[in-house]
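In this text the structure is predicted, and so the values were computed from the model without any measurement. Every heavy atom of this structure was used, including side-chain atoms; hydrogens, water molecules and symmetry mates were not. Letters A, B, ... are given to chains in the order of the sequence lines, protein chains preceding strands, and every chain is numbered from 1.
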Protein chains: 2
Amino acid sequence: MEALPDGAAHVGPRVRALRTERGLSLSELARRAGVGKATLSGLEAGTRNPTLDTLHSVAAALGVALTALVEGPRIHGAAVRMDLLRVFEEGAATYELYRMRIPAGTAQTSPPHHPGVTEHATVFAGELRAGPLHDPASAGPGGYLEWAADAPHGYAAVGEQDVHASLLIRYPR
Amino acid sequence: MEALPDGAAHVGPRVRALRTERGLSLSELARRAGVGKATLSGLEAGTRNPTLDTLHSVAAALGVALTALVEGPRIHGAAVRMDLLRVFEEGAATYELYRMRIPAGTAQTSPPHHPGVTEHATVFAGELRAGPLHDPASAGPGGYLEWAADAPHGYAAVGEQDVHASLLIRYPR
DNA sequence: TGCCATCGTTCCGTAAACGGAACGATGGCC
DNA sequence: GGCCATCGTTCCGTTTACGGAACGATGGCA
C-alpha cells in the first residue's frame, strides 16, 4: 500500500529534510503551506500519493522550486554520477542538463551517441579532463569544454579535488 | 474549479506538447503509461489535479524526467527572464541554478544580495556583459563570469544575439 | 507538582482523482 | 455505400487524498 513509484519515493524524505533544515515543525509548515497536518504527515512518511496541488503548496512554503522536490533520474557509472536536472525542448533540438560529479583521480568512458549530438561542460570545482578519447581537453573551475559526442568519449577528474560540473547534452532533431 | 496553482498550470499543455511531438495519440500514451484515458484527458485539459503517481507514470512513458513536466518559478525582470531550475542544499551553502535569457540589446540591474553571495554565469549563446556596476565583464558563448553579488550588479546582452546563459547563485550559510 | 502549548500521528467524513466503459466523431479500407 | 478501428471526451462507481478534529506525548514554566 505504501508502494510509491520509484522516482517519487524520495519526495517524502526530501520534504522532511528541507523542513528540519529550516527548523520548522510539521504543524508550522502545514499551516504555512495551507495543507492539513495529516496530508503533510502522510507525504513525509510516504504513505500518501500527493497531488500536484499539494506538492506545489509545500514547495512554495519551503521556498524552493517544485523541481527541488522531485528527483530526476540518477545515472551511476563507474566513476561519474550524473543527476538529470532539466530537459529543454527547443525548436531545433532537445537539451538535457545534468549535474556531474566525478571523484578525484577517477575516469569513465562513454559510448558514442547519435550523430550530431554535442556535449558542453562547465566546471565549478576540480580539474576536468573530457572529450573524445583521441583528443581530450582540460578545464578547471570556471572553465568550459565542448565536444562532439558521436564518437567514444570520456570524463576524468585529473586533479586532487572532486570535479563538480554541469553537463549539457544537445540532441538535434 | 479548474483553478490550479500557478506553477502547476502549465503541466497539461506541456504534456500535450510532448505527446504530439512524439506523434502519440492520447489513447496510446494512456495505454503506455498505464493510466486511464480519462485521467490523461483531464490532465492535459487542466481539469484535474494529478497525483505524483500519475505524473511519474506519464513522464516515464514520454521518456522525460518528471522535472521536465513541472515548471520552476519564472522571474520576469525588465529585460532578464530567469527560470529556476534547481536548488542544491550543500553543506556550507545553498545554490540556486537558473537559466537566464536576455533579449539582444537590453540590460537590467539588480539590488545587492546578502554579504558573501556570489553569482556564476556560463554563457551558451550571445554576448553577456555582467557583474558589479562599477566593474562589469563580458563573455561570449562558452565563456564564464563570476562576481560578488553583495553589491549592485547588472546583466546586459551587448551583442546582436539574445543571451542564453546559466546562472548559479551561491548563498553561504 | 499541575497547567498548557505544541509536537506528530491517527481517525473520519467529504471531495475528487482514479480506471473502465460507453459515447459520438473521424478516417481508412473494401 | 457499409464496415470497423481508433480518435478524444464524458459518464460513473470505486478508491483515496484531502482538511479538521481528536489523540497521546513531550516540553517548558510558574
Side-chain angles (χ1 to χ4, degrees), chain A residues 1-64 66-71, chain B residues 1-64 66-71:
Chain A
M1 59 178 65
E2 72 295 337
L4 290 177
D6 310 345
H10 300 116
V11 174
R14 184 153 334 167
V15 168
R16 175 155 293 183
L18 288 170
R19 174 172 66 80
T20 54
E21 277 179 14
R22 286 161 174 70
L24 291 175
S25 69
L26 189 148
S27 304
E28 174 66 13
L29 178 58
R31 194 184 59 76
R32 294 193 191 182
V35 305
K37 293 200 293 179
T39 301
L40 185 54
S41 178
L43 194 166
E44 290 191 357
T47 57
R48 282 204 191 179
N49 177 19
T51 7
L52 183 57
D53 207 339
T54 298
L55 288 173
H56 185 267
S57 298
V58 172
L62 286 170
V64 302
L66 217 170
T67 312
L69 298 187
V70 293
E71 181 74 318
Chain B
M1 58 180 68
E2 72 294 338
L4 289 177
D6 310 343
H10 301 115
V11 174
R14 186 156 331 168
V15 167
R16 174 154 293 182
L18 288 170
R19 174 173 67 79
T20 54
E21 277 179 14
R22 285 161 175 71
L24 290 174
S25 70
L26 188 148
S27 304
E28 175 65 15
L29 178 58
R31 194 185 59 75
R32 293 192 192 182
V35 305
K37 293 200 292 179
T39 301
L40 186 54
S41 178
L43 193 166
E44 290 192 356
T47 58
R48 283 204 191 180
N49 177 19
T51 306
L52 182 57
D53 206 338
T54 298
L55 288 173
H56 185 267
S57 298
V58 172
L62 286 169
V64 302
L66 218 171
T67 311
L69 298 187
V70 293
E71 182 76 316

* Taking CZ from B:Arg32 and C1' from C:dG19, how many angstroms apart are they, rounded to a whole number? -> 20 Å
* Asked: Reckon A:Thr51 has a side-chain N or O less than 4.0 Å from the OP1 or OP2 of D:dC18?
  -> yes
* More 5' along DNA chain C: B:Lys37 or B:Thr54, using each one's nearest nucleotide? -> B:Thr54
* Whole-Å distance between D:dG8 C1' and B:Leu24 CG? -> 14 Å
* Could you give the CZ-to-C1' distance, from A:Arg31 to D:dG19, as a whole number of Å? -> 16 Å
* Asked: Base, sugar-phosphate, or nothing: which does B:Ser27 touch, judged by heavy atoms less than 4.0 Å apart?
  -> base
* To do: Round to the nearest Å and state the distance from B:His56 atom NE2 to C:dC18 atom C1'.
  => 18 Å
* To do: Enter the distance from B:Asp53:CG to A:Asn49:CG here, rounded to the nearest 0.5 Å.
  => 4.5 Å
* Of the candidate nucleotides C:dC7, C:dA17, C:dT10, which contains the atom at the shortest distance from the side chain of A:Ser25? -> C:dC7
* Structure fact -> Walking DNA chain D from its 5' end, the first of A:Val35 and B:Glu44 to be reached, judged by nearest nucleotide, is B:Glu44
* Contact check, side chains of B:Val15 and B:Leu40, non-hydrogen atoms, under 4.5 Å -> yes
* Between C:dT9, D:dG19, C:dG19, which one does the side chain of A:Ser41 approach most closely? -> C:dT9
* **Reported CG-to-CG distance for the pair A:Leu18 and A:Leu24, which is rounded to 0.5 angstrom** => 10.0 Å
* Is there a side-chain polar atom (N or O) of B:Arg48 under 4.0 Å from OP1 or OP2 of C:dC18? -> yes
* Structure fact -> Applying the 3.5 Å cut-off to both distances, the Watson-Crick or G-U partner of C:dT10 turns out to be D:dA21
* To do: Can you tell me the distance, in whole Å, between the CG atom of A:Leu26 and the P atom of D:dT26?
  => 17 Å
* To do: Scan A:Thr39 against the nucleic acid and name what it touches under 4.0 Å (heavy atoms): base, sugar-phosphate only, or nothing.
  => base
* How close or far is atom P of D:dA17 from atom CG of B:Asp53, stated in whole angstroms? -> 9 Å
* For A:Asn49 and D:dT16, give me the distance from atom CG to atom C1', rounded to whole Å. => 9 Å
* Mind calculating the distance between CG (B:Leu55) and C1' (C:dC18) to the nearest angstrom? => 13 Å
* Asked: Does the side chain of A:Leu29 reach to within under 4.5 Å of the side chain of A:Arg22, using non-hydrogen atoms?
  -> no
* Check whether any side-chain heavy atom of B:Thr39 sits under 4.5 Å from a side-chain heavy atom of B:Val58, and report yes or no. => no
* Within the structure shown, what part of the strands sits under 4.0 Å from B:Arg19 by heavy-atom distance: base, sugar-phosphate, or nothing? -> sugar-phosphate
* To do: Name the nucleic acid region contacted by A:Arg16, choosing base, sugar-phosphate or nothing; use a 4.0 angstrom heavy-atom cut-off, strictly under.
  => sugar-phosphate
